[in-house]
Novice: 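I'd like to ask some things about the structure below.
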Amino acid sequence: MEMIDEYGLCTLIIPSFFGLILLYINIRRKISKASNVALIKEHEPFDVSLDDGKTDVIIVGAGVAGSALACTLAKDGRRVHVIERDLSEPDRIVGELLQPGGYLKLLDLGLEDCVKDIDAQRIVGQAIYKEEGKHTVVSYPLQKFHADVFARCFHNGRFVQKMREKAATLPNIRLEQGTVTSLIEEKGIVKGVNYKTKDGRQLNAYAPLTIVCDGCFSNLRRYLSNSKVDTTCSIVGLILKDCQLQYTNHAALIMSGSSPMTIYPISSSEIRCMVLIPPPQKLPSIANGEMFNFLKTVVAPQVPPELKDAFLRAAADKGKIRTMQIRNMAVDCRTTPGSLLIGDASNMRHPVTGGGMTVALSDILVLRDLLRPLRDFNDPNAMCKHLQRFYILRKPLASTINTLAGVLFQVVCPSLDPTRKEIREACYSYLTLGGIFSNGVSAIFGGLNPSPLSLAFHFFAMGLYATARLLLQFPSPMGAWRVAKFLYVAFGMIFPIIKAEGIRQMFFPATLLAYYRAPVVAQLIDLLN
Ligand SMILES: Cc1cc2nc3c(=O)[nH]c(=O)nc-3n(C[C@H](O)[C@H](O)[C@H](O)COP(=O)(O)OP(=O)(O)OC[C@H]3O[C@@H](n4cnc5c(N)ncnc54)[C@H](O)[C@@H]3O)c2cc1C
């Protein structure tokens, strides 16, 4: 009797238990299907060792943009295959100053630990040096922010390597060393990439979405962009040792002499010095000693006295001098289904404001928010239409930082033209005014308030200030003529940059988004705020 009871009990309980589990799984599935928002599990496991058609995204390049993007998409549950040409720690002279606005983006992405333990240096403002020892200090307006928000300077390679290490720990990222040689395109849709592995094998990888972030020397941009790359000037990078900046925790911008410089600490014992060589000057040869002569006779006299010995020592160390061509490129991407171009591959600006990484990180945030509601990426045409918003939503921040960089580069470049000298003088004096004037410019510079309208306000205010200064100095028809020339030349410096950015995209992006759904407009309003 007892035996029969136990048996009966088992025959009742076990099927009911499995039945309940099946019912639960079925209900979960139905809920998931009914919702158009994906129910993506964080870190959904996927066999990263197999190319079994389960990759959601291929990312080309694991530099600043690629590695941050990989972590971000993987955290949203996407299965990501990253292909990077060289996984060893990069040793480059780019991306060494992360503006406070860039750090805020890093916080939003949950990647703030990637600037920890890399001997990053705290930067709270800029010292600006002009001729005859005149200088001023402009601080970032950081009072409103958490104490942890400030600019950071570091070795770019250490930062990138930290992000790559983080990516490698996520189970749904496959990080592979290889060089992507071309995109696989079928009937106008990008299906994946063709790449060469570390051991020389030529392979194909497929995914519904390929995001190309192969940097400023991109060889894939030609498939996805019509942009024209301009080479604006050359840069020489030196590392100064055993010296201290006059203003600790400040970067320095030296705008005296024929070769402007930016100087900032990249570790507790090293100071980076970037010397700009504007056209028509040519990059002197390092090998035949021209570079040493140039640095010693032309540049050294402008270097602040406390850095001069270290500068001359660095200039004499031929093997450690690095040079680079500076490229400028506004966005003009062809929206090809199945692909997207981001980072320096899609847009470059002058590095004088150190804004490139802030733009790249902000782009990743915009992209994350656009991709989040999509359950999968399997409809390339619908996705392509959806992603067209990306180039509009990124505009307010990117165009503000790009425009300021382009204008500042022209301002710091030496010129024999008296009107350009007056513009340089007016900009410097405007920054010495303090209050909303220098705080406002510094907030834009630091990526804390990258608003096109704020930028326009400061251009306008600077124009008024310069007009008043000139008329007070020369209260005559000659003064009025100088004002007219000033405004004409200043307009000629600013307008082509704004035109290249797109006036409507920059100042009236909402009109381009008018036909999109309300949530996207809300995103833009969030961005503008
Ligand atoms: C001289 C200079 C100084 C700068 N200083 C600053 C600064 O102080 N602050 C700042 O914010 N910005 C600065 N920038 C800009 C900043 O460096 C860039 O905006 C930023 O690095 C862009 O990131 P990215 O990922 O697009 O490119 P990168 O960081 O260059 O990464 C591209 C990656 O793609 C890989 N790759 C390339 N081709 C392939 C391929 N075919 N297959 C696979 N992988 C490939 C590369 O190995 C690399 O790892 C500077 C730029 C220059 C030129």
Side-chain angles (χ1 to χ4, degrees), residues 99 101 125-126 128 130 136 138-141 232 253 255 260 328 330-331 347 349-355 358-359 394-413 415 417-473 479-509 527-529:
Q99 294 289 358
Q126 299 270 335
I128 303 170
K130 260 191 83 253
T136 185
V138 182
S139 300
Y140 295 118
T232 50
L253 172 65
M255 32 196 272
N328 204 37
V331 175
N347 184 203
R349 78 287 315 146
H350 197 280
V352 67
T353 55
T358 302
V359 173
R394 71 182 288 280
K395 265 291 158 175
L397 181 137
S399 60
T400 307
I401 290 181
N402 294 347
T403 307
L404 185 65
V407 172
L408 190 65
F409 167 62
Q410 297 180 70
V411 169
V412 299
C413 275
S415 171
D417 177 359
T419 312
R420 283 192 172 244
K421 281 187 183 161
E422 261 157 20
I423 291 175
R424 194 169 151 133
E425 190 62 46
C427 289
Y428 177 81
S429 305
Y430 185 82
L431 288 176
T432 60
L433 291 177
I436 58 159
F437 306 109
S438 51
N439 275 348
V441 176
S442 182
I444 300 173
F445 188 94
L448 296 166
N449 178 25
S451 138
L453 287 178
S454 182
L455 185 69
F457 166 80
H458 286 286
F459 283 156
F460 189 68
M462 219 179 276
L464 275 180
Y465 170 72
T467 303
R469 249 171 63 105
L470 284 170
L471 287 179
L472 280 174
Q473 271 175 23
W481 170 239
R482 287 177 88 141
V483 168
K485 259 176 79 183
F486 180 100
L487 295 177
Y488 177 75
V489 175
F491 187 73
M493 283 162 83
I494 299 160
F495 186 70
I497 305 174
I498 292 181
K499 190 166 168 248
E501 289 295 329
I503 296 169
R504 191 169 166 202
Q505 286 96 326
M506 190 167 169
F507 292 102
F508 312 103
L527 256 163
L528 288 170
N529 287 335

Novice: Run the side-chain donor-acceptor check on residues 452-466: report pairs under 3.5 Å with partners two or more places apart or on a different chain.
Specialist:
unit_1	atom_1	unit_2	atom_2	d
S454	OG	N449	ND2	3.3
H458	ND1	Y430	OH	2.9

Novice: Apply side-chain contact (heavy atoms from CB on, under 4.5 Å) to I436 and list each qualifying residue two or more places apart in sequence or on a separate chain.
Specialist: none

Novice: Going through the distances and angles, do L404 and R349 end up as a side-chain contact (heavy atoms from CB on, under 4.5 Å)?
Specialist: CA-CA 9 Å; L404 185 65; R349 78 287 315 146; over 6 Å; no

Novice: Going by side chain to side chain donor-acceptor pair (under 3.5 Å), name the residues that satisfy it together with R469, two or more places apart in sequence or in a different chain.
Specialist: S429

Novice: Taking only residues two or more places apart in sequence or in another chain, which ones pass ring-ring contact (aromatic ring centres under 6.0 Å, His included) with F409?
Specialist: H350

Novice: Do you know which two heavy atoms are closest between G447 and I401, and how far apart they sit?
Specialist: CA-CD1, 4.4 Å

Novice: List the atom of V138, the atom of S438, and the distance in Å for their closest heavy-atom pair.
Specialist: CG1-O, 3.9 Å

Novice: Given the rule in the side-chain contact (heavy atoms from CB on, under 4.5 Å) test, do L253 and V352 qualify, once you have shown the distances and angles that lead to the verdict?
Specialist: CA-CA 9 Å; L253 172 65; V352 67; 4.2 Å; yes

Novice: Does the side-chain contact (heavy atoms from CB on, under 4.5 Å) test come out yes or no for F445 and L408, once each step is laid out?
Specialist: CA-CA 10 Å; F445 188 94; L408 190 65; 3.8 Å; yes

Novice: Can you run down the salt bridge (charged side-chain N to carboxylate O under 4.0 Å, His left out) pairs that involve residues 496-509, sequence neighbours left out, and say none if there aren't any?
Specialist: K395-E501

Novice: Report the residues that fulfil side chain to side chain donor-acceptor pair (under 3.5 Å) with T136, sequence neighbours left out, ordered by chain and then residue number.
Specialist: none

Novice: Once side-chain contact (heavy atoms from CB on, under 4.5 Å) is applied, do any residues pair with I497, and if so which ones, sequence neighbours excluded?
Specialist: T403, V407, Q410

Novice: Begin from the C-alpha positions of R394 and V359 and carry the test side-chain contact (heavy atoms from CB on, under 4.5 Å) through to its verdict.
Specialist: CA-CA 8 Å; R394 71 182 288 280; V359 173; 3.5 Å; yes

Novice: Can you name the nearest heavy-atom pair linking G101 to T358, along with the distance?
Specialist: C-CG2, 3.9 Å

Novice: Compare every heavy atom of L397 with every heavy atom of P450, then report the nearest pair and how far apart it is.
Specialist: CG-CD1, 3.4 Å

Novice: Taking all non-hydrogen atoms of both residues, which atom of L471 and which atom of G479 are closest, and how far apart?
Specialist: CD2-C, 4.0 Å

Novice: I need the I498 CD1 to S399 OG distance, nearest 0.5 Å.
Specialist: 8.5 Å

Novice: Does any N or O in the side chain of T467 come within less than 3.5 Å of the main-chain N or O of V483, such that one atom is a donor and the other an acceptor?
Specialist: no

Novice: Quick one: list whatever passes side-chain contact (heavy atoms from CB on, under 4.5 Å) with K421, sequence neighbours left out.
Specialist: none

Novice: What pairs with E422 under side chain to side chain donor-acceptor pair (under 3.5 Å), at least two apart in sequence or on another chain?
Specialist: R482

Novice: Could I get the full list of ring-ring contact (aromatic ring centres under 6.0 Å, His included) partners for F491, not counting sequence neighbours?
Specialist: F495

Novice: When rounded to the nearest 0.5 angstrom, what distance separates CG in L431 from NZ in K130?
Specialist: 11.5 Å

Novice: Under the side-chain contact (heavy atoms from CB on, under 4.5 Å) rule, collect the residues that match up with N439, sequence neighbours excluded.
Specialist: P141

